[in-house]
4 protein chains.
Amino acid sequence: MGAVKNKRMPRAVREQQMLDAAVRTFGQRGYRAASMDEIADLAGVSKPLVYLYLNSKEDLFTACIRREAAALTAAVRAGVHPGLPADRQLWEGLRAFFTHTAQNPDGWAVLHLQARTHGEPFAAEVTAMREELVAFVTQLIAVAAREAHRDPSPAERAEHEVAGLAEALVGAAESLAAWANTTPGVSAKQAAATLMNFAWAGLGNLMDGRAWAPPKS
Amino acid sequence: MGAVKNKRMPRAVREQQMLDAAVRTFGQRGYRAASMDEIADLAGVSKPLVYLYLNSKEDLFTACIRREAAALTAAVRAGVHPGLPADRQLWEGLRAFFTHTAQNPDGWAVLHLQARTHGEPFAAEVTAMREELVAFVTQLIAVAAREAHRDPSPAERAEHEVAGLAEALVGAAESLAAWANTTPGVSAKQAAATLMNFAWAGLGNLMDGRAWAPPKS
Amino acid sequence: MGAVKNKRMPRAVREQQMLDAAVRTFGQRGYRAASMDEIADLAGVSKPLVYLYLNSKEDLFTACIRREAAALTAAVRAGVHPGLPADRQLWEGLRAFFTHTAQNPDGWAVLHLQARTHGEPFAAEVTAMREELVAFVTQLIAVAAREAHRDPSPAERAEHEVAGLAEALVGAAESLAAWANTTPGVSAKQAAATLMNFAWAGLGNLMDGRAWAPPKS
Amino acid sequence: MGAVKNKRMPRAVREQQMLDAAVRTFGQRGYRAASMDEIADLAGVSKPLVYLYLNSKEDLFTACIRREAAALTAAVRAGVHPGLPADRQLWEGLRAFFTHTAQNPDGWAVLHLQARTHGEPFAAEVTAMREELVAFVTQLIAVAAREAHRDPSPAERAEHEVAGLAEALVGAAESLAAWANTTPGVSAKQAAATLMNFAWAGLGNLMDGRAWAPPKS
DNA sequence: AATGAATGAGGCTTCATTCAT
DNA sequence: AATGAATGAAGCCTCATTCAT
């Protein structure tokens, strides 16, 4: 059990314990495979108390998503120092992202895998978080453009193009993170550097209009 | 129902019908939420027949993963013409990848979401496919380096640097495919172009030694 | 158990066994207090089979109501010989009614107590049956009036006066049936006689215009 | 909530609030479906207080039945003026009955539906009340007999015959009440008159020994 | 080659009730 | 006089799986 049982505690504390247990269980087993029994056990409380405080499995899952999403965006924002040059800011943001997700694998699994895998009450919650991160990156790109004395036109690119880049970045980051974790001799920092290398030049080219041109076929 | 019922058919055909139904159901509902009842219904057969041919839900899911993984890698290989220049080969491969995933959204959901979301019997199957794709990309990068007539020193870069790039590329592609599938108005070709733009310049820079350098902190 | 267990039987037979068990359980325990477990046990089957055939507790209860309502109205109609004089017809109908309810106390409890006690999906089912009985009695009263060679003026009494009498008669019958079921030493025939005595003179008086007049207050 | 919360109040007052809430909840939801949570909420107190004062759900329900039964019999007795002729007394009693039940639908539902629907601790409570009402009617019949200068023999009829009449009367009354409530153009008073018409002549005939004779079949 | 009949096990949820203050 | 914290027990329902034909 994750906590001493049967000790009276204020509601707020118990709720956090429940969310801790739920994030861990949902992250490892998946939404459907996770059982309320296991979550209650892990939280060190009886099932009815979980229902009293969190209402239903669906609500509990939603609460997990919200808490983890808030924690992640907060971590990324906290890692970035606004005064720095744009590339440095991106670097810091990526590092914060990697660090947070590495330290919260279950939370990240909840956000990235479970919430997206299970239908509509949940996916929307993640979309909101994702939009916040995309907005953050978009703004960084604009800053970078200004620094390079380029005209701000890139900011006018179709919204879904930027969203696509963000998707690609996140996908690459996840992939690298998993790879770094399972490949001896590769540190998290090196993985972040690889990603920066992969991404930064491409972003720069895009902003210069020097895009790779697909063949006309 | 997906097929005429009660008509005697050879086993191979029935199995494909079942796998079709299973891929669709698993892809849309998820592994746990999909019920053998629904799959059998959709396949137009009775449940015992599904068990007779495919043994168990786990085996059925595994069979789905294998079939879809084989179909995807085959599609990518078929899309690439070995004689072309490297960037063109990469482009063709990406196009084939995005086209196939766009035409098989349920199959892709099975591979990318469901199989990874549910523990160990399944994740390994996807890992195998992934490694095949990564190897393919790794080799393309090597070809590109040779074509650029650059001195071989870049090739001496730590092997895992190239491997990291390949990982990043594949991860980005996977993420973008899921995103393109669920975002209206984004075609397979656009997704491929977005990724090419994003990646190619970075690869070029790296091969020229113009890498982004992380701060020493 | 109410039946030999685990013997394969055609669906139609099993369904009747389940309905038998359900009527008995619902009638004795009440809708809420009856448990699907008990019903399945009494029917000699496992719970899932009950759900497979009858869908849900609500549907099962509805099916019980419908079956018992149909059986009751059929019994009343079967007891009446259309050629007889009206009082004799009424008597036969009442006898059939009280006999049937006495032989099916649980079914009658389901109709009279349980279905009316639990909200709207169910009450409507009983209302339909009730209306059929009321219509039957209404028509009998009209026949009686004609037989008495009385001038047609009574027939012109406000339609709802006749309807009110029919309602009162049916309501009295229902109440008496429940009472006869739970009072030892009261036979169906006695109950029918009591009601006939109670009602027939009143009906006669009314048809003669010798109505009791309420004080003007 | 039905009352201001957390205000210290004398026990007697709190108990009445709880009973009010309980009658309403039991009457609308039924005994089983009513939850102690809802009752406590509606009463504006915490659940432990309900248990402190009323002990258990069963005891609470019993207390409701007793209170409502007492209120109903009191209302009927209060409506009757002993000096009047018997028919007039019956009329007043019926009117009082109809009025009270119409104004206390939840209380009436508790007595008539819920208490009878749920087994033995409760049915007995209602039986007691019913016997009181039956005794009252019985005595009225005796008075009527005396007034008509008939010999009192009818009072010697088997007890359960009178009880049967009372049942029929109450059943008819209930039926008429429901019917009057749902049929436009029929007032409560008209319904009461219909019932008097229906009943009075029959009672008179019975007392004269002019009973309807069932065929010998 | 194919299916109608059947079930053990487990999951979500609710409820009456108590404890400690 | 009054309540926030907590739980054992039980109920409805679904599912993967098998048996007998």
Side-chain angles (χ1 to χ4, degrees), chain A residues 5-11 13-15 32-40 44-60, chain B residues 5-11 13-14 32-40 44-53 55-60, chain C residues 5-11 13-15 32-40 44-60, chain D residues 5-11 13-14 32-40 44-53 55-60:
Chain A
K5 202 163 177 177
N6 206 11
K7 198 108 186 251
R8 302 280 172 118
M9 309 188 58
R11 174 170 179 156
V13 176
R14 274 280 192 254
E15 278 191 6
R32 292 288 302 237
S35 89
M36 293 299 271
D37 260 304
E38 187 178 354
I39 292 171
V45 285
S46 68
K47 245 187 315 174
L49 200 59
V50 180
Y51 279 89
L52 187 60
Y53 287 172
L54 274 317
N55 233 19
S56 72
K57 196 183 187 183
E58 204 174 308
D59 283 6
L60 174 57
Chain B
K5 204 163 176 178
N6 207 10
K7 201 101 180 255
R8 302 276 175 125
M9 307 188 59
R11 174 166 180 157
V13 176
R14 273 281 192 250
R32 291 290 298 233
S35 84
M36 295 299 271
D37 259 302
E38 187 177 356
I39 292 171
V45 290
S46 68
K47 252 185 310 177
L49 199 59
V50 178
Y51 279 88
L52 186 61
Y53 285 175
N55 221 32
S56 73
K57 195 184 189 184
E58 206 176 304
D59 284 5
L60 174 56
Chain C
K5 202 162 178 180
N6 205 12
K7 199 107 184 253
R8 302 284 173 115
M9 309 189 57
R11 174 170 179 155
V13 176
R14 274 281 192 251
E15 277 190 7
R32 290 290 300 238
S35 88
M36 294 299 271
D37 260 305
E38 187 177 355
I39 293 172
V45 284
S46 68
K47 243 187 315 174
L49 201 59
V50 179
Y51 279 90
L52 187 61
Y53 287 172
L54 274 317
N55 232 19
S56 72
K57 196 182 188 183
E58 202 174 309
D59 283 6
L60 173 57
Chain D
K5 204 164 176 177
N6 206 10
K7 201 99 180 259
R8 303 276 175 126
M9 308 190 59
R11 172 164 182 156
V13 176
R14 274 281 193 248
R32 291 289 300 230
S35 85
M36 295 299 271
D37 259 302
E38 187 177 356
I39 292 171
V45 290
S46 67
K47 254 185 309 178
L49 199 60
V50 179
Y51 279 89
L52 186 61
Y53 284 174
N55 221 32
S56 72
K57 195 183 189 184
E58 206 174 306
D59 284 4
L60 174 56

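Order of the sequence lines sets the chain letters (A, B, ...), proteins ahead of strands, with each chain counted from 1. This is a predicted model, so every value here is computed, not measured.
- Arg8(A) has its CZ atom 9 Å from the P atom of dA5(F), to the nearest Å.
- Relative to the side chain of Val45(A), the nucleotides dT7(F), dA6(E), dA16(F) differ in distance, and dT7(F) lies closest.
- Spacing between atom CG of Asp37(D) and atom P of dT3(F) amounts to 13 Å, rounded to whole angstrom units.
- Along DNA chain F, the nucleotide nearest to Pro48(D) and the one nearest to Ser56(B) differ in position, and the one closer to the 5' end is contacted by Pro48(D).
- One N or O donor and one acceptor, one from the side chain of Lys47(D) and one from the base of dT17(E), sit under 3.5 Å apart.
- As judged by a 4.0 angstrom heavy-atom cut-off over every strand, Ala34(C) is placed among residues touching the sugar-phosphate backbone only.
- Computed from coordinates, the Ile39(C) CD1 to dC13(F) P distance equals 11 Å when rounded to whole Å.
- Pairing each heavy atom of Tyr51(D) with each of Met36(D), the nearest pair is OH-CG, 3.5 Å.
- Looking only at distances, no side-chain donor or acceptor of Lys57(C) sits under 3.5 Å from a matching main-chain atom of Ser35(C).
- Note: CG (Asp59(C)) to P (dC12(F)) measures 14 Å, nearest angstrom.
- When heavy atoms are screened at a 4.0 angstrom cut-off, Arg11(B) is found touching no nucleic acid atom at all.
- Closest approach of Ser46(B) and Ala40(B) over heavy atoms only: C-CB, 4.1 Å.
- Listed here is the closest heavy atom pair of Leu54(C) and Asp59(C): O-CB, 3.2 Å.
- Here dT7(E) presents its P atom at 12 Å from CE of Met9(C), a figure rounded to the nearest Å.
- Listed candidates were dC12(F), dA2(E), dA5(E). Nearest to the side chain of Tyr53(C) is dA5(E).
- Comparing Leu49(A) and Ser35(C) by the nucleotide of DNA chain F whose heavy atom lies nearest to each, the residue mapping closer to the 5' end is Leu49(A).
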Watson-Crick and G-U pairing of DNA chain E written in dot-bracket, each distance under 3.5 angstrom, with | for inter-strand partners: .||||||||||||||||||||
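- Distances shown here put every side-chain N or O of Tyr51(A) at or beyond 4.0 Å from the OP1 or OP2 atom of dC15(E).
- Counting all heavy atoms, side chain and backbone alike, Tyr53(D) lies closest to Arg14(D) at CE1-CB, 3.7 Å.
- Rounded to an integer number of Å, the gap from CD of Glu15(A) to C1' of dG4(F) is 14 Å.
- If you measure from atom CZ of Arg32(A) to atom C1' of dT14(F), you get 9 Å, rounded to the nearest angstrom.
- Between Leu52(A) atom CG and dT3(F) atom P there is a gap of 16 Å when expressed in whole angstrom units.
- With Val13(A) as the partner, the side chain to side chain contact (heavy atoms under 4.5 Å, CB included) test is satisfied by one option alone out of Met9(A), Arg11(A), Glu15(A): Met9(A).
- Both Pro10(B) and Asn55(D) lie near DNA chain E, and the one whose nearest nucleotide falls closer to the 5' end is Pro10(B).
- Side-chain nitrogen and oxygen atoms of Arg14(C) include at least one within less than 4.0 Å of the OP1 or OP2 phosphate oxygen of dA6(E).
- The 5' end of DNA chain E is approached more closely, in terms of each residue's nearest nucleotide, by Met36(A) than by the other of Met36(A) and Lys57(D).
- Leu60(A) and Ile39(A) make their closest contact through CD2-CD1, 4.0 Å (heavy atoms, listed as atom of the first residue, atom of the second, distance).
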